Asks: 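This is the structure, below, for whatever I ask next.
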Amino acid sequence: MAKTVLVIDDDRDIREVAKASLELVGGFTVIVAESGRRGVAVAQEARPDAIILDLMMPDFDGHQALAQLKDGPDTAHIPVIMLTAKVQANKLELVGKGAAGVLVKPFDPMQLSNQVCEILGWNAGGKDPGHSGCAKE
Amino acid sequence: MQAERIQATVAAQKSDEVRSALEKVWLSSRPEALGRLVTLRRFTDSLRSGTPDQDSWERALSAAHRLSGSLGMFGFSEASVCAAEIEALLAGGSTLDVATLARLVERMRGLLERTQASSGKPEQRDL
């Protein structure tokens, strides 16, 4: 069964490209949310296998969403990968706050699934011919 | 050997599917990217004629941030780097050099215009 990844980003382009990339290349099931607050609510409801969370969002940013996800009994166990631009990246700080890893924007759509698998220690390479993702372990 | 050939074929198909999906997203988001460029040009003009308010500054910073984050995904690496330079410049606050900003914004305009030149099929894509 395909793993489910929740992508939280206020930028429509990022959401759509990440969704297409993770679904087509990785074989994941992808759900999206357009704000940090909405993302936390979706995570509580859908309990995805992993979350990709944008750091810089208005009102309720990635730091706040990460804290709420890690404090929530229903979501604390879900690995969260932070998505951020190079200029802001502070991997150690984010990992210290509970993030599983950091992805840098802009990402390569062909490589996104592999990067997610690598960060999460999921079985990359796939067992299906040509399956470069890790959803079908 | 045959497994390798099948793998290569499937990988190529996936690559085509992703390219096609990217093309669709870019076609719908290009007007938004051009709108962000307008925001940056207006901000540059307002810097020349005085001190822009905090809201204008934040809108410009957000526009540069979004351009930097999204253009690279579509394969427009040069434009993405240019937007990142603009973002870094704007984040520097009061030390901002207006001439440098204007030069970068003009360069961004040229790069984005080239993405329009082939009716939705960006020439600069190096994905």
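Predicted model only: the values in this text are computed from it and were never measured.
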Asks: What's the separation between atom CG in A:D13 and atom CZ in B:R30, rounded to the nearest 0.5 Å?
Replies: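 So the gap between those two atoms works out to 12.5 Å.
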
Asks: So for B:S29, is it side chain, backbone, both, or neither that comes closer than 4.5 Å to the heavy atoms of chain A?
Replies: both

Asks: Rounded to the nearest 0.5 Å, what's the gap from OG on B:S62 to CE on A:M56? Could you check?
Replies: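 The OG atom of B:S62 sits 6.0 Å away from the CE atom of A:M56.
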
Asks: Is it possible for you to say whether B:V38 and B:L104 belong to one hydrophobic cluster, with membership spreading through side-chain heavy-atom contacts below 4.5 Å?
Replies: no

Asks: Check whether more than 12 heavy atoms from other residues, nucleotides or ligands sit under 6.0 Å from atom CG of A:D59, and answer yes or no.
Replies: no

Asks: Is it true that a side-chain atom of B:K14 and a backbone atom of A:L24 form a donor plus acceptor pair closer than 3.5 Å?
Replies: yes

Asks: Between B:E32 and chain A, with a heavy-atom cut-off of 4.5 Å, which part of the residue counts as in contact: side chain, backbone, both or neither?
Replies: side chain

Asks: Please determine whether residues A:I8 and A:V95 belong to a single hydrophobic cluster, defined as Ile, Leu, Val, Met, Phe, Trp and Tyr linked transitively by side-chain heavy-atom distances below 4.5 Å.
Replies: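 Shared cluster, no.
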
Asks: Given side-chain contact (heavy atoms from CB on, under 4.5 Å), test B:S28 with A:R12 step by step and report yes or no.
Replies: CA-CA 10 Å; B:S28 69; A:R12 184 177 57 90; 3.4 Å; yes

Asks: Give me the atom names and distance for the closest heavy-atom approach of A:M110 to B:S15.
Replies: CE-CA, 3.7 Å

Asks: Let me check something: do A:I119 and A:I14 share a hydrophobic cluster, defined by ILVMFWY side-chain heavy atoms less than 4.5 Å apart, either directly or through other members?
Replies: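 Shared cluster, yes.
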
Asks: Tell me whether the count of non-hydrogen atoms from other residues, nucleotides or ligands lying under 6.0 Å of CZ in B:R109 goes above 12.
Replies: yes

Asks: For A:D10 and B:R66, run salt bridge (charged side-chain N to carboxylate O under 4.0 Å, His left out): C-alpha distance rounded to whole Å, both residues' side-chain angles, the deciding distance at 0.1 Å, then the answer.
Replies: CA-CA 10 Å; A:D10 62 318; B:R66 283 167 181 258; 2.3 Å; yes

Asks: Under 4.5 Å, counting heavy-atom pairs only, tell me which of B:A91, B:S70, B:A21 racks up the most with chain A.
Replies: B:S70

Asks: Mind checking the CG-CD spacing from B:L22 to A:E16? Nearest 0.5 Å is all I need.
Replies: 10.5 Å

Asks: Could you walk me through whether A:E23 and B:E17 pass side-chain contact (heavy atoms from CB on, under 4.5 Å), step by step?
Replies: CA-CA 10 Å; A:E23 286 179 347; B:E17 286 175 30; over 6 Å; no

Asks: Against chain B, work out which of A:S21, A:P106, A:P58 has the most heavy-atom pairs shorter than 4.5 Å and name it.
Replies: A:P106

Asks: Verify the cluster assignment for B:V81 and B:M108: are they in a single hydrophobic cluster under the rule of side-chain heavy atoms below 4.5 Å apart?
Replies: no

Asks: Considering only heavy atoms, give the residues of residues 42-51 of chain A separated from chain B by less than 4.5 Å, sorted numerically, with 'none' for an empty result.
Replies: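 The residues closer than 4.5 Å to chain B amount to none at all.
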
